[in-house]
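Remember, it's 1-based here, ligands and their atoms both numbered in the order they're listed. All values derive from a computational prediction rather than experimental measurement.
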Amino acid sequence: MTMDLFDGASTLEAQEQLAPGAMLLRGFAVTDERELLGALAEVIAQAPFRHMVTPGGFRMSVGMSNCGALGWITDESGYRYGPIDPLSGQPWPALPEVFLRLAAQAAERAGFSRFVPDACLINRYEPGSRLSLHQDKNERDFGEPIVSVSLGLPAVFLFGGSRRSLPPRRIGLMHGDVVVWGGPARLSYHGVLPLKEGFHSLVGAQRLNLTLRKAG
Ligand code: MD6
Ligand code: FE
């Protein structure tokens, strides 16, 4: 009984609107954590993490991979989505059912119905890894949201405005937190501060982030 009351209260408190169109769902992915991590391990066995290079020639500190019909890549010639993993020459691994289900449920909760992603960028942060302020703008349709799932070590997420010059908010993202991001927030600048050392009992000394998108 007590647990039911507690769960109800924590669910109410667990949703926070970061900005119009951007919703933080605290702990939304926790009940799926093992299924998510199992599916993720299978994806990474086929398409390992790699450090991509920016068009400016910098090696990214975040290790990246993808699953889904399209994957996000960066190299000397630019940022884009493509169907083939350049490392293997094969299509990216399929989007696991649990990713699709979680993405649709989280999007629905945030007010975006029938979200069907075709791309999932997988980011691996090790201590010191960071992601500088950027906009996600390589997708075809900015009417579709992005669903971002955090697993493992906590990180400080920077959430800014529609121009780089606006000072960003700092938001602590923890294991199981989901951010849904669309509508008027879709082109907000955002980034991740350097990851601190630590150890997570299921994920180890790293943070994994899934961003599910409708890219094509
Ligand atoms: C990360 N996330 O949290 C990086 N992009 O590791 C992103 O770059 C991101 O969380 C678009 C929408 C949500 C995100
Ligand atoms: Fe992003």
Looking only at non-hydrogen atoms, find the nearest pair between Phe199 and Ala205 and report the distance.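 Shortest heavy-atom contact: CD1-N, 4.0 Å.
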What class does the angle between the rings of His200 and His175 fall in, given that below 30° is parallel, 30 to 60° is tilted and above 60° is perpendicular? tilted
Quick one: sort the Trp72 and Tyr79 rings into parallel, tilted or perpendicular, breaks at 30° and 60°.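 Ring orientation, 0 to 90° scale: parallel.
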By side chain to side chain contact (heavy atoms under 4.5 Å, CB included) - contacts of Ser61 (at least two apart): Ser129, Arg130
Evaluate the criterion side-chain contact (heavy atoms from CB on, under 4.5 Å) for residue pair Phe49 and Leu208; output intermediate values, then yes/no. CA-CA 11 Å; Phe49 289 116; Leu208 302 171; 3.9 Å; yes
Residues Asp85, Arg50; criterion salt bridge (charged side-chain N to carboxylate O under 4.0 Å, His left out); working and verdict: CA-CA 11 Å; Asp85 176 353; Arg50 77 289 309 260; 2.8 Å; yes
Proximal heteroatom of His134 relative to the Fe ion (ligand 2) (N/O/S):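 Of the nitrogen, oxygen and sulfur atoms in His134, the Fe ion (ligand 2) lies nearest to NE2.
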Vertex the Fe ion (ligand 2), rays to OD1 in Asp136 and NE2 in His190 - rounded to 10°: 90°
Ligand 1 N/O to protein N/O, distances under 3.5 Å:
from, atom 1, to, atom 2, distance (Å)
ligand 1, 3 (O), Arg207, NH1, 3.4
ligand 1, 3 (O), Arg207, NH2, 3.0
ligand 1, 3 (O), Asn209, ND2, 3.3
ligand 1, 5 (N), Asp136, OD2, 3.0
ligand 1, 5 (N), His190, NE2, 2.7
ligand 1, 6 (O), Tyr125, OH, 2.5
ligand 1, 6 (O), Arg207, NH1, 2.7
ligand 1, 6 (O), Asn209, OD1, 3.4
ligand 1, 8 (O), His134, NE2, 3.2
ligand 1, 8 (O), His190, NE2, 3.2
ligand 1, 10 (O), Ser148, OG, 2.9

Do Arg124 and Met64 touch side chain to side chain, with heavy atoms closer than 4.5 Å?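 With C-beta onward as the side chain, the pair stays apart.
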